[in-house]
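Read the structure below first, then the notes.
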Amino acid sequence: MPNPTALAFGYPRSKVAETDHWLLLVRPKQPTFGSLVLVCKEPVQAFSDLSPEAFADMRLAVAGIERLLKAKVAYEKINYLMLMMIDRDVHFHVLPRYEGARQHEGQSFPDAGWPAAPALGSAVALDDDAVERLANDFAAAWSAA
């Protein structure tokens with residue numbers, strides 16, 4: 001059973017990929033195009049409580065994320081934010097960063113915070129169908145990587 005954080009971010013519709021210990025999901029609110037959430041599947045609410053296996057598996061997940069987002073977004077920098085204020089399970093918000101904007105399905109996704117901290121409040125909100133389409137598109141690119 002997925003944890004409450006995965007469900008809060010739209011799992012299973014938002015699922016891009018899965019490793020042994022991590023779920024990769026499309027973030028429904030997109031401060032930048034291609035924003036994702038990396039959610040640990042272990043029942044932990046503190047980063048230090050991850051198993052050694054989850055830490056090792058995170059390396060594989062991050063390598064896949066960076067390949068995927070480089071190909072699909074052409075980011076210039078990438079931010080991994082561990083906020084865990086509302087959603088308590090261990091997870092990271094993954095934000096590809098770039099100057100200007102990216103276009104997708106007729107929508108513009110500016111990086112309003114570039115080159116400083118990400119502007120989380122300036123997100124483009126995707127509806128459930130758009131989240132699922134983007135997740136499917138990214139999932140196909142993930143498996144091809």
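Sequence positions, counted from 1, serve as the residue numbers for this chain.
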* What are the two closest heavy atoms between Ala123 and Pro31, and how far apart are they? -> CB-N, 3.6 Å
* For the atom pair CG (Asn3) and SG (Cys40), what is the distance rounded to the nearest 0.5 Å? -> 8.0 Å
* So do Arg97 and Glu76 actually touch side chain to side chain, heavy atoms under 4.5 Å? -> no
* Structure fact -> Between the CE atom in Met58 and the CG atom in Asp20, the distance rounded to the nearest 0.5 Å is 14.5 Å
* To do: Please round to the nearest 0.5 Å and tell me the distance separating atom CG of Asp137 and atom CD of Glu132.
  => 12.5 Å
* Spell out, as yes or no, whether a donor-acceptor pair under 3.5 Å connects the side chain of Ser35 to the backbone of Leu95. => no
* Looking at Val26 and Leu36, what are the two nearest heavy atoms and their distance? -> CA-CD2, 3.9 Å
* Asked: Between Glu99 and Trp114, is there a donor-acceptor pair closer than 3.5 Å when you use the side chain of the first and the backbone of the second?
  -> no
* **Residue pair Thr32 / Asp111, side-chain donor-acceptor N/O under 3.5 Å** => no
* To do: Flag yes if Val131 and Trp142 sit in one hydrophobic cluster, no otherwise; membership is Ile, Leu, Val, Met, Phe, Trp, Tyr, and two members link when side-chain heavy atoms are under 4.5 Å apart.
  => yes
* Asked: With a 4.5 Å limit on heavy-atom distance, are the side chains of Phe33 and Val124 in contact?
  -> no
* Asked: Between Ile65 and Ile78, is any pair of side-chain heavy atoms under 4.5 Å apart?
  -> yes
* Does a side-chain heavy-atom distance below 4.5 Å link Leu68 with Val16? -> yes
* For residues 39-63, pull every pair meeting ring-ring contact (aromatic ring centres under 6.0 Å, His included), keeping only residues two or more places apart or in separate chains. => Phe47-Phe55, Phe47-Phe92
* Do Trp22 side-chain atoms and Ala54 backbone N/O form a donor-acceptor pair below 3.5 Å? -> yes
* Asked: Do Asp89 and Thr5 have side-chain N/O donor and acceptor atoms under 3.5 Å apart?
  -> yes
* Asked: Quick one: are Phe138 and Leu69 in side-chain contact, heavy atoms under 4.5 Å?
  -> yes
* Would you sort out whether Arg13 and Asp128 count as a side-chain contact (heavy atoms from CB on, under 4.5 Å), showing the intermediate values? => CA-CA 8 Å; Arg13 290 175 68 126; Asp128 289 345; 3.6 Å; yes
* Decide whether a cation-pi geometry holds between Arg102 and Tyr98; the criteria are a distance under 6.0 Å from NZ or CZ to the six-membered ring centre and an angle within 45° of the ring axis. => yes
* Asked: Can you tell me if CG on Leu83 sees more than 12 non-hydrogen neighbours from other groups inside 6.0 Å?
  -> yes
* Asked: Are Leu38 and Val44 grouped together when hydrophobic residues (ILVMFWY) are joined by side-chain heavy atoms under 4.5 angstrom apart?
  -> yes
* **Ring-face cation contact, Tyr75 with Lys70, 6.0 Å cut, 45° max** => yes
* Do you know which of Ser14, Pro2, Pro12 makes side chain to side chain contact (heavy atoms under 4.5 Å, CB included) with Leu25? -> Ser14
* Asked: Linking I/L/V/M/F/W/Y whenever any side-chain heavy atoms sit under 4.5 Å apart, do Val94 and Met82 land together?
  -> yes
* **Nearest-0.5 Å distance, CG of residue Leu81 to CG of residue Leu120** => 6.5 Å
* Asked: Taking Gln45 for the side chain and Val90 for the main chain, is one N or O donor matched with an acceptor at less than 3.5 Å?
  -> no
* **Check: Gly34 main-chain N/O paired with Lys72 side-chain donor or acceptor under 3.5 Å** => no
* Considering only heavy atoms from C-beta outward, does the side chain of Leu134 approach that of His104 to under 4.5 Å? -> yes
* Path from Leu23 to Leu126 over hydrophobic side-chain contacts below 4.5 Å -> no
* Is Val39 reachable from Tyr80 through a run of I, L, V, M, F, W or Y residues, each pair having side-chain heavy atoms under 4.5 Å apart? -> no
* Rounded distance (nearest 0.5 Å) linking atom NE2 of His91 with atom CZ of Arg88 -> 10.5 Å
* What distance separates Asn79 CG from His93 NE2, expressed to the nearest 0.5 Å? -> 12.5 Å
* To do: Indicate yes or no: at least one non-hydrogen side-chain atom of Glu53 is less than 4.5 angstrom from one of Asp57.
  => no
